[in-house]
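So you know, we letter chains A, B, ... as the sequences are listed, proteins then strands, and number each from 1.
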Amino acid sequence: MATSCTEYHFREIEPHWQAYWEANRSFRAELTPGKPKYYVLDMFPYPSGAGLHIGHPEGYTATDILARYQRAKGRNVLHPIGWDAFGLPAEQHAVKTGTHPATNTQANIANFRRQIKALGFSYDWDREIDTTDPRYFRWTQWIFLQLFQRGLAYVDERPVWWCPELRTVLANEEVVDGKSEVGGFPVERRNLRQWVLRITAYAERLLADLKDVDWPDSTKRMQEAWIGRSEGAELLFALPGRPEPLKVFTTRPDTLFGCTYMVLAPEHPLVDALTVPAQRAAVEAYRRAAAAKSDLERTDLAKGKSGVFTGACAVNPINGREVPIWIADYVLLGYGTGAIMAVPAHDDRDHEFAVQYGLPVIPVIAPESGEAKLPYTGAGHLVNSPGYDGLPWEDAKRRITAELAARGVAKATVNYKLRDWLFSRQRYWGEPFPIVWVSEADYARVRAAGIGPLPESPVTYVQDGVRQCALPLPAAALPLELPPVQSYLPSGNGESPLAQLPAWLEIWFNPQTGAALPAAQPCPTEGLWVRARRETNTMPQWAGSCWYYLRFLDPANPEAFASRAALDYWGSPDLYVGGAEHAVLHLLYARFWHKVLFDLGLVPEAEPFRRLFHQGIILGEDGEKMSKSRGNVVNPDTIIQSHGTDTLRLYLMFLGPLEAMKPWNPRGIEGVHRFLQKVWRECLGPDGAVAAKLSPDAAEDPALTRLLHETIRKVGDDIEALRFNTAISQMMIFANALQKAPAARTGSVRAFLQLLAPFAPHLGEELWARLGGTGSVMAAPWPAYDPALLTASEVKLVFQVNGKHRGEQLVPVGTGQEEAVALARGHAKVAPHLEGKELRRVIYVPGKILNLVVG
RNA sequence: GCCCGGGUGGUGGAAUGGCAGACACGAAGGUCUUAGAAGCCUUUGCCGCAAGGUGUGCAGGUUCGAGUCCUGUCCCGGGCACCA
């Protein structure tokens with residue numbers, strides 16, 4: 001079965017074993033009830049035109065080692081791969097070339113597949129998925145409908161980047177320095193109709209359930225910060241001469257006596273009504289300036305605050321005092337209520353603003369001791385707050401909230417930074433929404449006919465003064481595929497290219513069957529048909545990656561996104577490895593969808609990823625991030641050609657801790673390559689036959705046997721903890737010892753090859769076969785170590801005098817303290833340091849250290 | 001500014017509070033060879049001929065003992081960006 005090379009010809013060996021695995025479907029995962037499973041998942045790649053980046057094989061090698069190790073440990077391993085293939089670059093390519101984005105996407109996938117196969121990963125290729133395949137996105141659409149029916153999707157106007165010159169919506173990454181990336185044209189914020197998912201309904205659970213997952217603490221903290229829970233109160237400030245009060249959110253109701261002015265976000269709906277005629281021009285100018293600002297300009301202005309007085313006042317509910325209302329862009333419409341009560345004595349930003357505009361500063365919190373330097377944001381007790389003076393601030397917070405609540409002008413609330421998720425794009429290359437828009441009257445007819453399920457309250461949108469209602473396609477009509485278009489250019493009015501297809505867009509729609517006919521044709525008379533306009537938005541790239549780990553369980557199922565049996569058996573990934581750049585968005589979105597599916601009883605567990613690990617970034621040789629412009633990009637193909645896949649895999653793992661950010665060093669590759677060549681030479685003679693010093697019953701040095709068992713233990717422990725660099729060190733130590741040994745048992749070397757095989761699987765298979773191993777090395781059960789062999793009869797005891805290392809000696813295990821002290825006194829290097837001194841204390845750690853404190 | 005990482009030889013890195021520098025890379029010397037490559041042997045933190053001293057960004061502290069724990073500080077990297 002092995003090749004017949006006499007030397008380590010990786011160019012022959014690696015393709016040979018890859019063909020063997022493929023022909024035998026060696027990595028196929030079968031649902032086997034009763035057999036323990038292990039599901040190890042990579043973050044699937046976006047198949048970019050640039051091909052595989054060296055960061056991909058880093059994470060993929062790590063999971064591949066785990067997958068192969070767990071198979072050897074007897075687990076039924078699911079290790080799949082697929083393509084997250086919707087996305088902006090493919091669309092841009094289509095716009096440029098006029099070819100369908102699918103064509104380019106499929107070419108890129110073919111290239112990625114070739115590259116990944118050349119790396120010898122043990123993926124179950126029968127489970128390959130592609131998010132752009134209608135058989136896949138049918139279920140993405142189906143899950144969206146579940147959200148829609150539960151009232152978790154709605155339509156709203158949201159600001160997006162709009163480029164008047166290009167007549168298109170731009171993504172954040174397409175806007176550079178306030179200009180379009182293509183052409184450098186000016187861009188502006190413009191409100192467009194968008195689908196939004198109600199992720200905020202899950203904020204509390206997304207936060208609370210973080211305690212149940214084995215994730216890096218830093219990632220958990222980032223998610224916590226992103227969700228941004230804060231407890232406080234909503235307070236109502238009366239507006240003289242107006243019926244409705246001004247509502248603000250504050251985390252510090254205790255500082256209410258220190259409120260000397262109010263600030264509204266420039267976009268706040270009350271600004272127009274509140275502005276007095278004399279201030280109108282100034283307010284208008286300020287609002288225009290704020291609206292035109294790019295994010296970058298706003299950031300630049302972070303150093304100085306700016307704002308304008310509206311001329312109006314509000315009444316502080318605690319003391320009836322009137323305070324002026326300003327507008328300023330340091331207050332955001334999207335957080336809280338878009339309005340704040342400013343307490344310049346105890347808030348940095350308010351203080352800066354007050355100083356700039358000469359507004360009064362009244363301290364109301366005093367520290368327990370010493371003088372407070374304003375702004376003072378620490379703990380303390382209340383002052384200048386009649387009726388509350390002397391109270392600790394936390395007590396005052398509760399009391400003031402309660403007392404104002406009793407008067408109906410306050411409500412204790414919890415606020416989140418988390419916003420609802422903008423879930424639509426005005427693009428072609430994404431999943432079409434399985435939604436059509438109908439009139440209110442037609443919606444009522446459909447509802448009356450009992451067709452559904454429909455959301456409890458209809459999702460509506462007012463277009464040109466007419467209310468439209470969103471009607472779902474029936475599940476049986478899925479997938480809704482992308483229609484062919486003439487041009488991938490946006491429509492120019494803010495809608496996707498799909499809006500340019502009148503025959504597809506304007507239809508007669510049968511809500512029962514999902515059937516559609518162009519509206520230009522006569523309306524069918526049989527059954528219920530309504531006049532409809534299709535949704536032209538498409539879903540964002542996140543949609544497909546929110547649930548792909550579930551499709552891997554049962555990728556070809558036409559009846560469900562996965563069968564109940566598959567879900568119950570495979571569950572969710574036991575280990576998920578990917579970059580930390582997804583610490584918030586992808587991982588939060590996927591958790592949200594998973595919890596919705598869990599609530600629907602469709603998945604067995606409440607969290608999708610029990611154990612998560614982030615691989616670190618590999619920097620270029622120059623220590624900078626790899627990028628085309630810097631010219632420091634490493635292509636895996638090059639290394640595979642020059643040194644082979646096994647060397648590349650081993651090197652990626654030897655570079656340093658998996659989670660660390662580390663620079664690429666081409667010279668280091670030689671080191672691991674030499675190691676593999678050494679292993680080859682120790683196994684095989686120059687003629688390619690088994691090396692002369694190996695035999696089944698060789699007189700092997702017990703020290704070598706012990707080292708083998710130590711190596712078995714350490715490599716196993718390190719793999720489980722994803723410490724691959726130290727596992728490789730240990731294998732190098734064994735190989736060095738093997739080289740020096742005059743003889744070794746073939747069985748010992750075969751056991752060693754089993755340890756090496758997950759890291760360097762091609763060489764592992766080749767040498768295993770040539771040393772008489774039966775079948776594939778990966779089918780052999782993982783070697784066990786003998787604990788008895790690991791307990792040595794003698795240990796090295798280190799002698800210290802006053803904490804300084806002075807000597808060492810081999811002593812039998814179980815040597816007592818008195819005996820150890822006697823040995824130290826008799827030690828030629830130690831004795832001089834004890835001479836003429838009084839022994840004051842003895843610290844003895846058996847088998848490790850004897851510290852004699854003298855004086 | 002805030003949050004999170006991290007500072008250990010010429011380099012990547014190793015080290016449950018117990019011998020700092022495992023394992024590699026690089027370098028130097030040697031061996032083999034007609035010669036080279038590969039391999040093999042030796043050396044390789046710094047100072048010192050040596051004995052020995054010294055050493056984990058810096059300054060303190062806890063401890064019999066600190067790279068590791070604590071306090072302060074400097075530097076580097078990453079993330080967030082006025083969140084009331």
Side-chain angles (χ1 to χ4, degrees), chain A residues 7 216-219 221-222 224-226 228-230 232-233 235 248-252 255 259 262-263 265 295-296 298-299 301-305 328-332 334-343 346-350 352-353 415-419 580-581 583-584 616-617 619 623-625 650-651 654-657 659-672 674-675 677-678 681 723 725-736 739-740 796-808 840-845 847-855:
Chain A
E7 282 171 62
D217 281 340
S218 58
T219 305
R221 275 194 291 266
M222 279 168 79
E224 274 167 22
W226 192 267
R229 183 183 200 274
S230 62
L235 308 178
V248 302
F249 172 75
T250 179
T251 55
R252 299 292 304 273
T255 62
C259 168
M262 317 286 292
V263 184
D295 283 359
L296 195 83
R298 283 193 172 213
T299 310
L301 286 172
K303 291 181 184 82
K305 300 270 176 287
D329 62 7
Y330 80 91
V331 173
L332 308 175
Y335 182 74
T337 62
I340 62 159
M341 58 174 234
V343 184
H346 305 292
D347 181 277
D348 294 328
R349 294 150 306 170
D350 295 348
E352 190 187 339
F353 190 85
N415 215 330
Y416 298 95
K417 283 190 210 174
L418 185 68
R419 322 267 174 84
E581 67 273 17
V584 178
I617 299 171
L619 304 171
E624 303 281 339
K625 257 188 185 165
L650 208 62
Y651 179 59
F654 190 59
L655 211 46
E659 67 276 17
M661 179 186 296
K662 43 211 177 267
W664 179 259
N665 175 2
R667 287 190 302 204
I669 297 165
E670 292 297 337
V672 290
R674 285 206 282 257
F675 164 64
Q677 285 176 314
K678 181 181 288 183
R681 278 197 314 272
R723 290 188 305 247
N725 54 332
T726 49
I728 294 168
S729 295
Q730 183 65 33
M731 290 191 283
M732 286 174 166
I733 291 169
F734 180 81
N736 290 342
Q739 183 183 40
K740 289 189 174 65
K796 189 168 76 173
L797 184 65
V798 170
F799 298 130
Q800 291 185 343
V801 180
N802 290 342
K804 275 193 196 286
H805 174 247
R806 293 300 180 187
E808 61 202 38
R840 295 199 172 155
R841 199 171 157 185
V842 177
I843 290 105
Y844 181 53
V845 183
K848 278 207 168 140
I849 202 151
L850 175 73
N851 188 11
L852 302 174
V853 183
V854 299

Handout entry: Shortest side-chain distance from Tyr335(A), nucleotide among C64(B), A84(B), C40(B)
Key = A84(B)
Problem - U11(B) to C74(B) separation - C1' atoms, rounded to the nearest Å - result: 24 Å
Problem - Met341(A) or Ala660(A), whichever maps to the more 5' nucleotide of RNA chain B - result: Ala660(A)
Problem - For atom CZ of Phe654(A) and atom C1' of C25(B), their distance in whole Å - result: 9 Å
Exercise for the section: Please state whether the rings of Trp664(A) and Tyr651(A) are parallel, tilted or perpendicular, taking 30° and 60° as the class boundaries. Expected result: perpendicular
Practice task
Name the nucleic acid region contacted by Met731(A), choosing base, sugar-phosphate or nothing; use a 4.0 angstrom heavy-atom cut-off, strictly under.
Solution key: nothing
Handout entry: Donor-acceptor pair (no angle test) under 3.5 Å: Lys848(A) side chain, C19(B) base
Key = no
Problem - Same-atom distance (P) from C23(B) to C41(B), integer angstrom - result: 13 Å
Exercise for the section: Using the P atom as the reference point in each nucleotide, state the distance between U63(B) and U44(B) in Å, no decimals. Expected result: 37 Å
Exercise for the section: Using the C1' atom as the reference point in each nucleotide, state the distance between A14(B) and C3(B) in Å, no decimals. Expected result: 30 Å
Practice task
Could you work out the separation of G79(B) and C40(B) based on their C1' atoms and round it to a whole Å?
Solution key: 50 Å
Handout entry: C75(B) and A28(B), which share atom name P, separated by this distance in whole Å
Key = 38 Å
Problem - Candidates C82(B), C40(B), G12(B) - which lies nearest the side chain of Pro663(A) - result: G12(B)
